[in-house]
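Here the structure is laid out as structure tokens; the discussion comes afterwards.
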Amino acid sequence: MTTQKTKVRFAPSPTGRIHVGNVRTAILTWLYARATGGTFLLRLDDTDVERSKEEHAQALMADLRWLGVEWDEFARQRDRMDRYAQAIERLKADGRLYACYETPEELSLKRKTLLQRGLPPIYDRAALALTDAQKSAYEKQGRRPHWRFKLEHKTIAWNDLIRGPVAFEGKDMSDPVLIREDGSPLYHICSVIDDLDYGITHIIRGEDHVSNTAAHIQMFEALGGDIPVCAHLPLISDAEGGKLSKRLGSLSVGELRDDEGLQPMAIINLMARLGTSLPIEAYTHPAPLIESFDFGTFSRSTPKFDPEELVRLNAKILHQTDYSEILPALKDLGLEDVSEEFWLAVRPNLSRLREIRDWWSVAKGPVTPEIAGEDTAFIAAAHDCLPPAPWTEETWGTWIAEVKNRTDRKGKTLFMPLRKALTGMEHGPELNVLLPLIGPDKVSERLQAK
Ligand code: GLU
């Protein structure tokens, strides 16, 4: 028996930046591909020419690459129009697509009337009864048809990897429109044709697509193909359990990177485990997430997304990240000269990588030491009792104990003048870590500044 190789796809519409909700689908789809040794296809659903923009497509791919979500194959729908036309001809020939002439106003009136009568707003299939003469009369008026897919009135059932058994009744659904008046195909049919042609074995997407899936299953059948296994992810909510607010929901990966200064693995770790029974960990590599990936651990209930969790994870990840691995990101920050020693000393204190800039500028200078007139003698005394090199993170404690003894100062009057002399600021990185980073020469220089 040959087991079919897994093939999955992430199919964003390039109409904007990739945000928290859809990046989760991307990450989970990619993890599933890696966990099963399968293939990950990135497909751009760009048939909506008005809203799809090349700059969005480019940004989306850059965001995925930054996350490390690499795809094995790439497709875009606008390259496949001929193929869609061919499949559409077949559906027309088989009587599965029928021409409709209602205007949007007429359709909305029909919907309203049904709702007023307490009935579900299902399309009444009036167009199916049109005679050829009626159709040409409409055409003469200048109307162009849109085309609906004729659903079979039977039960549509599947076993969802997350939702378990799901069933819809064909008769409770409106025949979906697959072709617009201008002749362009809509997402539903393009998606099904692509899933068939690219041999997609599993469709992983948000639960907002559940009813689409019911219609798609009949399209797969009508086109004579295998129906992929489906996994519908519950949509994420905010920390209070409400619908993701505009701000959170529209937080893009680009903003998480550029404005929030997060590491890609913070996002990967959270998205991989959110809404599962597995703990959210701060792994520095995706390997453990790939190894443990299992749809059986996913809950059907709405997971809560808390951006603070991303910051907490980010800190934990930084605290464990090796020097060689952080080097490219340091370069991007313009910090080419950071040594391994410096990185190891500072990393436990960072929650966002960019904070290292403060450490770097305070340690390496230039710094304008601030020494108030009344502290001059105190600072000179402190200078006299600087411990001998080499310095470690213990040096600060040794030194301060000695300064305290010698000067009888304590608390803020002891620390603050030293901090201001060494860093030129009242707040900033911890002095015990900082002291060896500044080093004996610069410390001495700063304490003697006039
Ligand atoms: N372009 C659709 C979306 O972004 C794709 C859904 C899907 O089939 O995965 O919602």
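Whatever order the structure lists ligands and atoms in, that order sets their numbers, starting from 1.
For the pair R34 and F293, the NZ or CZ position fails the cation-pi test of under 6.0 Å to the six-membered ring centre and within 45 degrees of the ring normal.
For atom 5 (C) of ligand 1, the closest non-hydrogen atom of the protein is A11 O, 3.1 Å. Ranking the protein heavy atoms by distance from atom 10 (O) of ligand 1 puts H209 NE2, 2.9 Å first. In this structure, atom 7 (C) of ligand 1 lies nearest to the protein heavy atom Y187 OH, 3.2 Å. Nearest protein heavy-atom neighbour of atom 9 (O) of ligand 1: R9 NH1, 2.7 Å.
Shown here for R24 and P303, the closest heavy-atom pair between the two residues is NH2-CG, 3.7 Å.
Under the ring pair (Phe, Tyr, Trp, His ring centres under 6.0 Å) criterion, H56 pairs with no residue, sequence neighbours left out.
Close approach to D45 involves these atoms of ligand 1, each under 4.0 Å from a residue heavy atom: 1 (N), 2 (C), 5 (C). Less than 4.0 angstrom separates some heavy atom of R205 from each of these atoms of ligand 1: 7 (C), 8 (O), 9 (O). Per-residue contacts place S191 under 4.0 angstrom from the following atoms of ligand 1 (heavy atoms of the residue considered): 8 (O).
Side-chain contact of D182 with S184: a donor-acceptor pair under 3.5 Å is present, judged by distance alone. Judged by distance alone, the side chains of H232 and H209 never bring a donor and an acceptor atom under 3.5 Å apart.
With values rounded to the nearest 0.5 angstrom, Q77 atom CD is found 11.0 Å from D48 atom CG.
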